[in-house]
Asks: 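Take this structure first; my questions come after.
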Amino acid sequence: MKMTSPSLGRIALCALTLASGVIALTQGAQAQTLTKDNGAPVGDNQNSQTAGPNGPTLLQDVHLVQKLQRFDRERIPERVVHATGTGAHGEFIATDDLSDLSKAKLFAKNTKTPVFVRFSTVIPGRSGAETTRDPRGFATKFYTQEGNWDLVGNNLPIFFIRDAIKFPDMIHALKPSPVSNVQEPERVFDFFSHVPEATAMLTRVYSNYGTPATYREMNGSSVHALKLVNARGDYVYAKFAWKSKQGERNLRPQEIPVVQGKSTSHATVDLYGAINAGKFPSWDLTVQVLKPDELAKFDFDPLDATKIWPGVPERKVGTMVLNRVPDNVFESTEQVAMAPGNLVPGIEASEDRMLQGRLFSYIDTQHHRLGANFQSLPINKPLVAVNNNHIDGAASSGNRKGIVNYEPSRLAPLKEDANARSSALPLSGSTQQARIARTLNFRQAGEFYRSLSSQDRDDLIANLSGDLKMVKNADSLNTMLSHFWKADADYGKRLVKAVGADAGNIAALAAALKE
């Protein structure tokens, strides 16, 4: 990943986001008194206390010590994934009544729900380049009448793996080497040569969809199926998608160094520039729905996160508009805590194995990063009152009163809401540790390849073969090539030719693979 000077982009971004503040300051606003964290006024913010004119600095200079203490603690642990992010406030308006599918109040027609969206890259650390070839996170926090719902997805509609037990291994392989601190195709494809279900996602990431031109001009997806539950207790499986009303646009390979050479934060500059200019970006939210008895009709498992649902109609749910830039990037974008487990009545988790692992992992990582009371931070705080017996912990500011911190109680009763009870899932069989039965690892990769234009196919071959040429282990390389050949023979042949591999050998390996 090529890193270049971000100075131009940062200057532009500062000009956009700070313009209103600069104007206010230059209009003669009355200065407020500078204080310490305890509210006491500061007498001198220019000079430390010393023992005489030439003596050492004194530890009793509380203001100096406090400034250094706070400065040393300005950085919290960065996200292991999705560390580079950009956020914006907005509003979602339901344009259809989904009461036939879900009892969630935000889906009642004409309901307006405040939202906060965080766009991100997955693998780079904080301040990574926004031109990186990578999935883009597309996470939306809905501040609904019944609590917060987090729709946490990506710009691409599928994922690399189908079981959360492999997620740490996958991220370790994609992250920079623990020796060189550089992302290495040798490590990446050593891992994915053992993961045939990743073929479709790798094809999408190495296509131009892996380098969206801007955040405004990309779609989003829930990736996972969720459950929608109506007032009768009936449930369906649902996949959500964001459709950009600005259209989709991606960077071609030759455009990437040009864009990155001007700014490593071009997508943030573009998003904030549009919002500040009053050109508010918008997305339509759509949903695909399958009834429980329809899952068996497919020759793949529809709850497999490596699969799309081809041929399933999309129904428009509503429209989201982003119309406000955050006042403070740390308090909003950095501290916002998105988690798939933040659900509201009428929306539940499905049995998708990747989603099941994320239900624990995302909340757990926010506890690690932000502390036990992270959901009381302003950016995460629900619009509705929070009433429970979770107490204390770092940064507790709940203003809790009374002697009762347990339930049930006659002294301070809290009632349950039967409307929030989970739906009932029929179960049979025994516990197991085995892969899903209907894998179909390669077909959708081939279908996606054939859907691309001739130019996009050329770019895909150039992008992917460039990294495959760096793989020295012959078994890893040949296995990867056989996966792409299995997906589509033309796809495989072009990659084999580009990297100089033995076509006969790869064809034989592909023929031996099972879907």
Side-chain angles (χ1 to χ4, degrees), residues 3 5-80 82-89 116 118 120 124-128 263-265 268-269 272 276 324-337 365-381 392-400:
M3 300 298 294
S5 172
S7 57
L8 292 177
R10 288 180 178 170
I11 291 172
L13 180 58
C14 288
L16 290 168
T17 56
L18 300 180
S20 59
V22 171
I23 291 172
L25 289 173
T26 57
Q27 291 178 340
Q30 186 175 358
Q32 296 181 332
T33 301
L34 180 67
T35 72
K36 304 170 190 173
D37 278 353
N38 67 341
V42 173
D44 189 341
N45 193 44
Q46 317 307 319
N47 306 288
S48 303
Q49 293 183 32
T50 61
N54 301 311
T57 301
L58 299 178
L59 186 62
Q60 72 179 33
D61 190 340
V62 174
H63 180 53
L64 166 66
V65 171
Q66 185 178 93
K67 285 184 73 175
L68 294 178
Q69 286 174 324
R70 290 299 303 268
F71 178 76
D72 291 346
R73 292 162 174 80
E74 285 180 359
R75 299 295 180 265
I76 60 176
E78 74 173 30
R79 292 168 170 86
V80 177
H82 297 278
T84 298
T86 296
H89 296 275
F116 185 82
R118 187 177 188 272
S120 57
R126 194 183 285 145
S127 299
S263 171
T264 57
S265 303
T268 298
V269 172
Y272 286 0
N276 286 332
R324 183 163 65 89
V325 173
D327 295 326
N328 182 290
V329 68
F330 181 82
E331 293 179 3
S332 57
T333 307
E334 190 61 25
Q335 289 197 133
V336 69
T365 197
Q366 305 298 1
H367 277 115
H368 164 66
R369 293 182 64 247
L370 302 169
N373 292 289
F374 71 87
Q375 300 211 68
S376 65
L377 294 170
I379 192 64
N380 298 317
K381 191 172 183 179
D392 303 341
S396 177
S397 58
N399 196 30
R400 186 176 185 85

Asks: Show the nearest heavy-atom pair for residues Ala83 and Gly125, with the distance to one decimal.
Replies: CB-C, 3.7 Å
Asks: May I ask you to decide if Asn373's main-chain N or O and Ser376's side chain share a donor-acceptor pair within less than 3.5 Å?
Replies: yes
Asks: For Thr57, give me all partners under side chain to side chain contact (heavy atoms under 4.5 Å, CB included), at least two apart in sequence or on another chain.
Replies: Ser48, Thr50, Leu64
Asks: Kindly write out the residues that satisfy salt bridge (charged side-chain N to carboxylate O under 4.0 Å, His left out) with Arg70, not counting sequence neighbours, or none if the list is empty.
Replies: Asp37
Asks: Excluding sequence neighbours, so at least two apart, what forms salt bridge (charged side-chain N to carboxylate O under 4.0 Å, His left out) with Arg324?
Replies: none
Asks: Residues two or more places apart in sequence or in another chain: which of them pass side chain to side chain donor-acceptor pair (under 3.5 Å) with Gln366?
Replies: Arg369
Asks: Please list, chain by chain and in numerical order, all residues satisfying side chain to side chain contact (heavy atoms under 4.5 Å, CB included) with Ser332, sequence neighbours excluded.
Replies: Phe116, Pro326, Ile379
Asks: Are Thr333 and Arg118 packed together at the side-chain level, in the sense that at least one heavy-atom pair is separated by less than 4.5 angstrom?
Replies: yes
Asks: What do you reckon, is NZ of Lys381 surrounded by more than 12 foreign heavy atoms closer than 6.0 Å?
Replies: no
Asks: Would you check if Arg79 and Arg126 make a side-chain contact, meaning some heavy-atom pair closer than 4.5 Å?
Replies: no
Asks: Side chains of Gln335 and Phe330, heavy atoms from C-beta outward: is any pair under 4.5 Å?
Replies: yes
Asks: Who passes side chain to side chain contact (heavy atoms under 4.5 Å, CB included) against Lys67, sequence neighbours left out?
Replies: Asn45, His63
Asks: Got a second to check how far Ile76's CD1 is from Phe374's CZ, nearest 0.5 Å?
Replies: 12.0 Å
Asks: Would you say the side-chain atoms of Thr33 pair up with the backbone N or O of Pro41, donor to acceptor, closer than 3.5 Å?
Replies: no
Asks: So, Thr268 side chain and Thr86 main chain: donor-acceptor pair closer than 3.5 Å or not?
Replies: no
Asks: Is there side-chain contact between Gln49 and Gln60, with at least one heavy-atom pair below 4.5 Å?
Replies: yes
Asks: Under 6.0 Å from the CG atom of Asp44, do we count more than 12 heavy atoms belonging to anything else shown?
Replies: yes
